[in-house]
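Beneath this line is the structure, given in structure tokens, with notes to follow.
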Amino acid sequence: MDPGTEAAGGRAPRADAVKKTRGGPWATSLRRFRANRLALWSLYVIAILVLVALFAPLLAPHDPIAIGDVMGTRFQPPSWTHLFGTDEFGRDLFSRALYGARVSLSVGVLAMLLSTTIGTLYGSVSGYFGGVVDGVMMRVVDVWIAFPAFYLMLLLVGVFEASVPALILILGLTAWPATARFMRGEILSLRKREYVEAARAMGLPSYRIILRHLIPGALSPVLVTGALAVAGMIGAEAGLSFLGLGISPPTPSWGNMVAAGKDTLASAWWVSFFPGALLTITLIAFALVADGLRDALDPKALDQKFV
Amino acid sequence: MLAYIVRRLLLSVPLILGIVTATFFIAHLAPGDPVDLYLQPHRQVDPEVIERVRHDRGLDRPLPVQYANWLTSSARGDFGESFLLHRPVREVLAETVPYTLLLILAALLVDALLGISLGVVSAVKRGTRLDRTVTLGSLVLYAMPGFWLALMLVLVFSVRLGWFPTSQATSLDYASLSGPGKLLDRLWHMVLPVTVLGVAGAAATARYMRGRLLDVLGEEYITAARARGFRGWTIVRRHAMKNAMIPIITIYGMSLPLMLGATTIVETIFAWPGMGRLTVDAVLGRDYPVILATTTVAAVLTVLGSLLADLGYAAVDPRVSYDGPGN
């Protein structure tokens with residue numbers, strides 16, 4: 001167990017809390033997370049989605065992109081051959097939705113990792129050094145946060161052609177300042193702790209103190225915001241693709257699939273309905289996992305359950 | 001208080017300037033220059049014409065000069081001419097911004113009324129089936145993507161039931177309606193877009209309000225009020241609500257940029273003639289003067305929103321000092 005995590009998890013234990021802390025703070029958190037049924041189910045949903053995304057080519061009953069006899073196969077309602085029906089080109093929507101999970105999850109997770117990494121490092125450096133460095137770095141964050149985020153994304157996808165890697169970069173680079181700001185707050189409260197003073201007194205270099213002692217101590221809130229950020233990123237990608245500014249057809253993304261059905265809502269509701277429903281379930285699952293993590297990791301919320 | 005307002009206003013200036021500068025340079029990162037993109041469909045254009053267009057728009061000057069020119073003219077409210085609409089951007093903004101503000105203000109009202117009341121009920125009836133339903137329901141609505149909610153509402157309430165119009169801000173025969181008829185027609189067109197915008201905000205507000213009220217209800221002065229014989233709703237109404245409401249103001253200030261983002265999608269779906277749809281069209285058509293202008297307006301609105309929230313906070317919370325750094 002890292003000294004940093006130990007210090008953060010074990011701070012100010014209440015008398016009744018001490019009894020329950022068996023096997024260290026992470027084990028307690030794991031136990032509490034497992035007791036939260038909604039969060040656990042949500043985690044299973046996410047696991048299934050990840051499997052679906054990985055094995056989409058094996059699971060998809062039809063080709064997601066190839067167009068066959070359009071007039072004979074287009075706009076078929078959901079049936080056993082086409083679980084989600086077919087679209088205006090006669091493509092199987094169930095197969096397209098499975099492939100769409102690849103885009104959503106890869107963009108969501110990778111963009112989250114990018115923004116969390118940048119935000120965590122930036123916030124830690126700013127909080128650790130303080131003074132002028134902190135002042136300048138935080139003014140940059142202020143401007144970035146004041147920027148209406150979706151407008152910034154629109155501007156960026158307008159300037160650069162959107163593709164999966166470009167979207168990951170754009171979303172990741174847009175979202176990091178929020179993480180940076182709260183990470184700085186965490187670091188400010190940690191850096192005056194004795195164990196950090198001790199590390200400094202031992203002559204450890206700053207980068208080592210930040211990476212080995214400060215960031216691990218502030219990791220649990222990063223997990224919570226990370227889970228929420230995945231939902232935010234997936235939603236943003238879907239929104240941009242819906243507007244025709246993200247992933248462009250024929251590559252299936254849940255966002256552009258919903259858009260493809262918006263003009264035929266009256267005659268073929270299933271085209272928009274199913275990809276949007278999958279998207280909604282995914283976003284809810286990540287939000288519930290984030291909720292579960294928050295409750296499980298918060299040392300103060302011993303017996304509270306959220307939902 | 002006045003000094004505080006002035007100081008906060010002055011602090012907003014560098015923020016807006018920073019956003020506007022970033023916007024300008026990001027827009028000019030685009031490969032190729034706007035004139036090429038602008039004339040792209042008609043590649044056979046005489047090179048002389050291209051040069052003239054470039055010169056007329058000042059695009060043949062160095063970037064810093066263009067930046068300075070753009071900054072000084074936009075500070076006067078002159079945002080140039082739209083590439084797509086061939087009209088002054090200022091005129092286009094004057095037509096579209098009020099529509100967006102109307103949507104946002106109505107949505108904030110729905111957000112407040114629905115969100116606060118659901119949050120209070122949920123907190124007071126903590127642990128009951130009602131509380132669980134409200135809490136889970138608000139999480140679902142909060143997570144649901146707005147564009148899908150919008151299409152599903154259109155499917156049910158416009159296509160199937162025919163209760164509300166699918167698009168536009170007014171009916172075709174709007175001009176021939178009487179005064180009250182006009183008002184009703186406008187409200188009728190607002191129901192679905194405002195619901196989509198307001199419901200997500202209300203869900204967030206309800207979650208937050210519930211948490212805050214539970215915190216406040218655990219405080220000692222509430223126990224004291226209970227000991228003095230006050231009970232149930234009286235305590236909530238007379239003692240707890242005020243303190244629980246204070247942080248909601250900050251949440252409101254922060255919700256404005258989210259709302260502005262959501263309006264781009266909602267306006268596009270409902271063909272609402274506002275700034276959001278204008279921006280999406282401008283991005284699709286690479287109409288840089290419009291993109292720069294709407295981003296600037298959105299930034300100013302966002303900064304003003306957080307400024308108003310801070311002022312509101314300072315006005316209701318006696319613990320906030322006007323003399324300290326505006327934090």
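The chains referred to below are lettered A, B, ... by the order of the sequence lines, with proteins before strands, and numbering in each begins at 1.
Interface remark: of the candidates B:Leu258, B:Thr268, B:Leu301, B:Leu284, B:Leu284 forms the most heavy-atom pairs closer than 4.5 Å to chain A. The most heavy-atom pairs under 4.5 Å with chain B, out of A:Leu156, A:Leu243, A:Val140, come from A:Leu243. Note on A:Gly235, A:Ala287, A:Ala277: by heavy-atom pairs under 4.5 Å with chain B, the leading option is A:Ala277. Between chain B and the residues A:Ala238, A:Ala236, A:Ala149, the most heavy-atom pairs under 4.5 angstrom are made by A:Ala238.
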Could you pull out all donor-acceptor pairs under 3.5 Å where a side-chain atom in residues 257-264 of chain A meets a protein atom, sequence neighbours excluded?
unit_1   : atom_1 : unit_2   : atom_2 : d
A:Thr264 : OG1    : A:Gly261 : O      : 3.4

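Neither the backbone nor the side chain of A:Phe286 has a heavy atom closer than 4.5 Å to any heavy atom of chain B. Using a 4.5 Å cut-off between heavy atoms, B:Thr23 touches chain A through backbone and side chain atoms alike. Only the side chain of A:Leu152 comes within less than 4.5 Å of a heavy atom in chain B; its backbone stays farther off. Proximity to chain A (any heavy atom under 4.5 Å) is restricted, for B:Ile291, to the side chain, taken from C-beta onward. Neither the backbone nor the side chain of B:Ile16 comes within contact range of chain A; no heavy atom of the residue lies under 4.5 Å from a heavy atom of that chain. Looking at A:Ala285, there are no atoms closer than 4.5 Å to chain B (heavy atoms on both sides), in backbone or side chain. Neither the backbone nor the side chain of A:Ala231 comes within contact range of chain B, judged by heavy atoms closer than 4.5 Å.
Ring geometry for A:Phe242 versus B:Phe147: interplanar angle under 30°, hence parallel rather than tilted (30 to 60°).
Within 6.0 Å of atom OH in B:Tyr67, more than 12 heavy atoms from other residues, nucleotides or ligands are found, so the atom counts as buried in its surroundings. A 6.0 Å sphere centred on OH of B:Tyr142 holds no more than 12 heavy atoms belonging to other residues, nucleotides or ligands.
In this structure, B:Gly276 and A:Tyr151 approach most closely via the heavy-atom pair CA-OH, 4.0 Å. Here the shortest heavy-atom pairing between B:Leu151 and A:Ser272 reads CD1-OG, 3.8 Å. The shortest non-hydrogen separation linking B:Pro145 to A:Leu283 is CD-CD1, 3.9 Å. Summarising the geometry of B:Val283 relative to A:Leu154, their closest heavy-atom pair is CG1-O, 3.5 Å, with the distance given to 0.1 Å. The two residues A:Pro148 and B:Pro257 come nearest to each other via the heavy atoms CA-CB, 4.1 Å. In plain terms, the two heavy atoms of A:Ile284 and B:Leu139 that are nearest each other are CG2-CD2, 4.0 Å.
Each of B:Thr295, B:Val303, B:Thr302, B:Leu15 was evaluated against A:Phe147; a single residue qualifies, B:Thr295, per the side-chain contact (heavy atoms from CB on, under 4.5 Å) test.
With contacts defined as side-chain heavy-atom distances shorter than 4.5 Å, the pair A:Leu38/B:Leu136 qualifies. Side-chain contact between B:Thr264 and A:Phe150: present, with at least one pair of heavy atoms (C-beta onward) separated by less than 4.5 Å.
Interatomic distance, A:Thr280 OG1 to B:Met152 CE, rounded to the nearest 0.5 Å: 9.0 Å. Here OH of B:Tyr288 is found 8.5 Å from CG of A:Leu155. Values are rounded to the nearest 0.5 Å.
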